[in-house]
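Written below as structure tokens is the structure these notes are about.
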There are 4 protein chains.
Amino acid sequence: MARPKSGDRRSAILSAAIRIIASEGLGAPTALIAKEAGVSNGSLFTYFETKADLLNRLYIEVKAEAAIAAMDGLPLKAGIRKRALHMWSNSLDWATACPEKRRVLAHLAVSGDITPASRRAGHQAMAGVASLIEQSRENGPMRKAPLEFVVAILNALTDATIDFMIRDKANAEKHRTAGFEALWRMIG
Amino acid sequence: MARPKSGDRRSAILSAAIRIIASEGLGAPTALIAKEAGVSNGSLFTYFETKADLLNRLYIEVKAEAAIAAMDGLPLKAGIRKRALHMWSNSLDWATACPEKRRVLAHLAVSGDITPASRRAGHQAMAGVASLIEQSRENGPMRKAPLEFVVAILNALTDATIDFMIRDKANAEKHRTAGFEALWRMIG
Amino acid sequence: MARPKSGDRRSAILSAAIRIIASEGLGAPTALIAKEAGVSNGSLFTYFETKADLLNRLYIEVKAEAAIAAMDGLPLKAGIRKRALHMWSNSLDWATACPEKRRVLAHLAVSGDITPASRRAGHQAMAGVASLIEQSRENGPMRKAPLEFVVAILNALTDATIDFMIRDKANAEKHRTAGFEALWRMIG
Amino acid sequence: MARPKSGDRRSAILSAAIRIIASEGLGAPTALIAKEAGVSNGSLFTYFETKADLLNRLYIEVKAEAAIAAMDGLPLKAGIRKRALHMWSNSLDWATACPEKRRVLAHLAVSGDITPASRRAGHQAMAGVASLIEQSRENGPMRKAPLEFVVAILNALTDATIDFMIRDKANAEKHRTAGFEALWRMIG
DNA sequence: GATGAATGAGTATTCATTCAT
DNA sequence: AATGAATGAATACTCATTCAT
């Protein structure tokens, strides 16, 4: 038979982990994740050495996905404000579309199980985003602040905006715009 | 009467919990906390019904302490920008002085063990802060945004700034100022 | 002040133990018994060395009470069958009137905490009853069986009858009579 | 398939439970039972959900075994007295041969952990015995008493007889016979 | 590889008993 | 003596990880 669909199993586990961790938190038993993935609990450990390993992979993959989503369809020729707005919208769209992934990322971000290496990998995945921010602030009031500081603020602002969009869906559009305007006032 | 319940013991446990949870996370064994507090593991449960109870009290007390610190010595007669800056500085000073408390608060904030009631208590403690923000944005670009949204952004911005001050202590002062300027650009 | 009313406290504890153990079983915490007795948990241990001690005293006292109840108002001049019936009725009346004491006795009888010495004390308290049985079987078919065997059967039969009287109160009288007739057929 | 759940392990646990509970009572730690069964403490819980579950299964299985033993080799064509005597002897033989099981059953019978469902299952297992009793008393003095009452008395009488046989082994045979005669006088 | 049973370290909580007040 | 806080041993149950099949 052709190659065993190990890739399938691996991603089945990963996406089961998202669903389970989103609802149960990081304390969720690996056995539950395996079950949700339709896989035996033993199998989980042939794809991931330890639970911590699974968590780290999850962190990296979801982070990467978020980064890709953020840059999707970026109008390369457009002005910087336009491109920034595009990315901002993309990020919020993604977060709204995959609330579970966002929850999981929030859990993982504060987990002691995520290694510095994984965090670095996460940052690298966000390189495109970082560069866009770099350009955005180039002529603004934060032009001298360390890039990381600006990134941190952006992340925080994004989180706050998303939280609010989810909490008050009726006015989601307004919040999205208000968030961007606030951002631009800060760095643009 | 027998040996009366001792406030000292209670706070010994609470502050041991801060130290232990800051370094071990919320999964830290109650026995370890008790030991750090110089108290028997059974005693912990005469002061707190359950571990979750301990966590909730911790959340409320530390949150209240942060609120008090934020408002300490507020120059009531000063203009709004000055007062906002004072609060901003206070918050960052406190967070810098008690990094463990901040870490613990960060852990607790995302914990499923903190009850809605405790969260409400936390918000109430922050009432003074909220009112100051309310005034700050009164004539600014975010005057129409929901207060909660502004609060969320402030929190996020504070966190980002603190993170950065801690990470790059040499330029802590600059980051503190830059953070406030960013804030004021957004809401002032 | 006159003598401290220690006797009161002691019996308060004992009767609280009956109520609590009847409803919670032998696993009931001593603290609960103390509370029900209106006494501090520490005090319980000035009246009874250990929980096992409390249980043993309880066993002996309740057993003695049952024995006394059984012999109460015994018509000394009457014939043996009449006296036996009187005792039989007394026992069932007592058990019906104090179901909690009976429950407690049932629990204690199978407990590993009751010492042989206590069991002997219990038997001694039942001496009057034993003697009556002795006479009852004197000319009957079990005249050669060991007394203890007959006693055991009587106890068992009593228990069964009481259980049934309690379970089917409407026909309690019938069961009481049927039980005695069965007894008499066996030994009389 | 992985290593299949093993009936051997299950019964090893069950019979270890009998030995341990017989000597230590129902308070015996599950870890001790597991150890006696030559199994890890965790394994006990793959065969029985909770300790209470283990206790209930034990109750049902031992009760069933007692019932089967009681009816073993029953001479179906014989007269009722003969059949009753056969059952009586069987029961006593079994109880004498497995004193631990009897002890355990005695403990379990009064335990609050045994569910009504388990008690019902126990009664059903005893259906054959019940029917034999029904026939036995059919023409006797207790023909009008509720069957359950007669069963209770039989149980009690059996218990008393066994206790005595065990206590006074030298005359076990005599007690066995005396017990049956007493029974037959009551109901036959 | 896949399975799921086996393992055993780890943990919150209880409770008899002691002891400071 | 009375109180009730302090103690710490004890215990059911969980779960990441291993391993027999």
Side-chain angles (χ1 to χ4, degrees), chain A residues 1 3-6 9 27-35 38-55 113, chain B residues 1-6 9-10 27-35 37-55, chain C residues 1 3-6 9 27-35 38-55 113, chain D residues 1-6 9-10 27-35 37-55:
Chain A
M1 252 332 87
R3 111 118 78 104
K5 346 183 244 164
S6 334
R9 286 178 105 82
T30 52
L32 193 58
I33 294 173
K35 191 178 185 186
V39 151
S40 76
N41 56 1
S43 266
L44 189 150
F45 290 92
T46 93
Y47 290 96
F48 303 93
E49 302 240 329
T50 63
K51 186 183 190 182
D53 181 34
L54 165 62
L55 261 23
D113 285 330
Chain B
M1 222 202 321
R3 195 185 313 188
K5 261 195 215 178
S6 138
R9 278 177 118 77
R10 205 190 112 101
T30 52
L32 193 58
I33 295 172
K35 193 179 185 184
V39 149
S40 76
N41 50 8
S43 266
L44 189 150
F45 292 94
T46 94
Y47 289 93
F48 303 94
E49 305 239 329
T50 63
K51 186 183 188 182
D53 181 35
L54 166 62
L55 262 23
Chain C
M1 247 337 84
R3 112 116 79 103
K5 346 183 242 161
S6 335
R9 287 178 104 81
T30 52
L32 193 58
I33 295 173
K35 191 178 184 187
V39 152
S40 75
N41 55 0
S43 266
L44 188 150
F45 290 91
T46 91
Y47 291 95
F48 303 93
E49 302 240 330
T50 63
K51 186 184 189 181
D53 181 36
L54 165 62
L55 262 23
D113 285 329
Chain D
M1 219 204 320
R3 194 185 314 189
K5 261 195 217 180
S6 136
R9 277 179 120 75
R10 205 190 112 101
T30 53
L32 193 58
I33 294 172
K35 193 178 184 186
V39 148
S40 77
N41 50 10
S43 265
L44 188 150
F45 292 95
T46 93
Y47 289 93
F48 303 94
E49 304 238 329
T50 62
K51 186 183 188 182
D53 180 35
L54 166 61
L55 263 23

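Hydrogens, waters and symmetry mates are skipped; everything else that's a heavy atom, side chains included, is used. Throughout, protein chains are lettered first and strands after them, A, B, ... in sequence-line order, and every chain is numbered starting at 1.
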(message) I need the CZ-P distance between B/Phe48 and F/dA5, as an integer number of Å.
(response) 14 Å

(request) Take C/Ser43 and B/Leu44, find for each the nucleotide of DNA chain F with the closest heavy atom, and name the residue whose nucleotide sits nearer the 5' end. (result) C/Ser43

(request) Consider the side chain of D/Arg9, meaning its heavy atoms from C-beta on, and name the nucleotide among F/dT7, F/dA12, E/dA6 that approaches it most closely. (result) E/dA6

(request) Could you check if a side-chain atom of D/Phe48 sits within less than 4.5 angstrom of a side-chain atom of D/Thr30, using non-hydrogen atoms only? (result) no

(request) Would you mind telling me which of E/dA5, E/dG4, E/dT7 lies closest to the side-chain atoms of D/Lys5? (result) E/dA5

(request) Answer yes or no: is there a side-chain heavy-atom contact under 4.5 Å between C/Leu54 and C/Ile33? (result) yes

(request) Return the value, rounded to whole Å, for the distance between atom NZ of A/Lys35 and atom P of F/dA16. (result) 15 Å

(request) Verify the contact: side-chain N or O of B/Thr46 to OP1 or OP2 of F/dA5, cut-off strictly under 4.0 Å; return yes or no. (result) no

Write down the protein N/O and nucleotide N/O pairs, taken from nucleotides 17-19 of chain F, whose separation is under 3.5 Å; answer none if there are no such pairs.
unit_1 : atom_1 : unit_2  : atom_2 : d
F/dT17 : OP2    : A/Lys51 : N      : 2.8

(message) From C-beta outward on B/Ser40, which listed nucleotide comes closest to its side chain: E/dC15, E/dA6, F/dA6?
(response) F/dA6

(message) Which is more 5' along DNA chain F, the nucleotide nearest B/Ser6 or the one nearest A/Pro29? Just name the residue.
(response) B/Ser6

(request) Quick one: label B/Tyr47 by what it contacts on the DNA or RNA (base, sugar-phosphate, nothing), any heavy atom closer than 4.0 Å. (result) sugar-phosphate

(message) Just verifying a value: how many Å separate C/Arg9 CZ and C/Ser43 OG, rounded to the nearest 0.5 Å?
(response) 5.0 Å

(request) Represent DNA chain E in dot-bracket notation, 5' to 3'. Only Watson-Crick or G-U wobble pairs with both distances under 3.5 Å count; pseudoknot-style crossings use [ ] and interstrand partners use |. (result) .||||||||||||||||||||

(request) Starting at CZ of D/Arg10, measure out to CG of D/Leu44 and round the result to the nearest 0.5 Å. (result) 11.0 Å

(message) Ignoring hydrogens, what is the shortest heavy-atom contact between B/Ser40 and B/Ala34? Give both atom names and the distance.
(response) O-CB, 3.8 Å

(message) From CG of D/Leu32 over to P of F/dT11, roughly how many Å is that when rounded to an integer?
(response) 9 Å

(message) If we ignore hydrogens and angles and just use 3.5 Å, is the side chain of D/Tyr47 paired with the main-chain N or O of D/Lys5 as donor and acceptor?
(response) no

(request) Would you mind reading off the distance between A/Leu54 atom CG and F/dC15 atom C1', rounded to a whole angstrom? (result) 14 Å

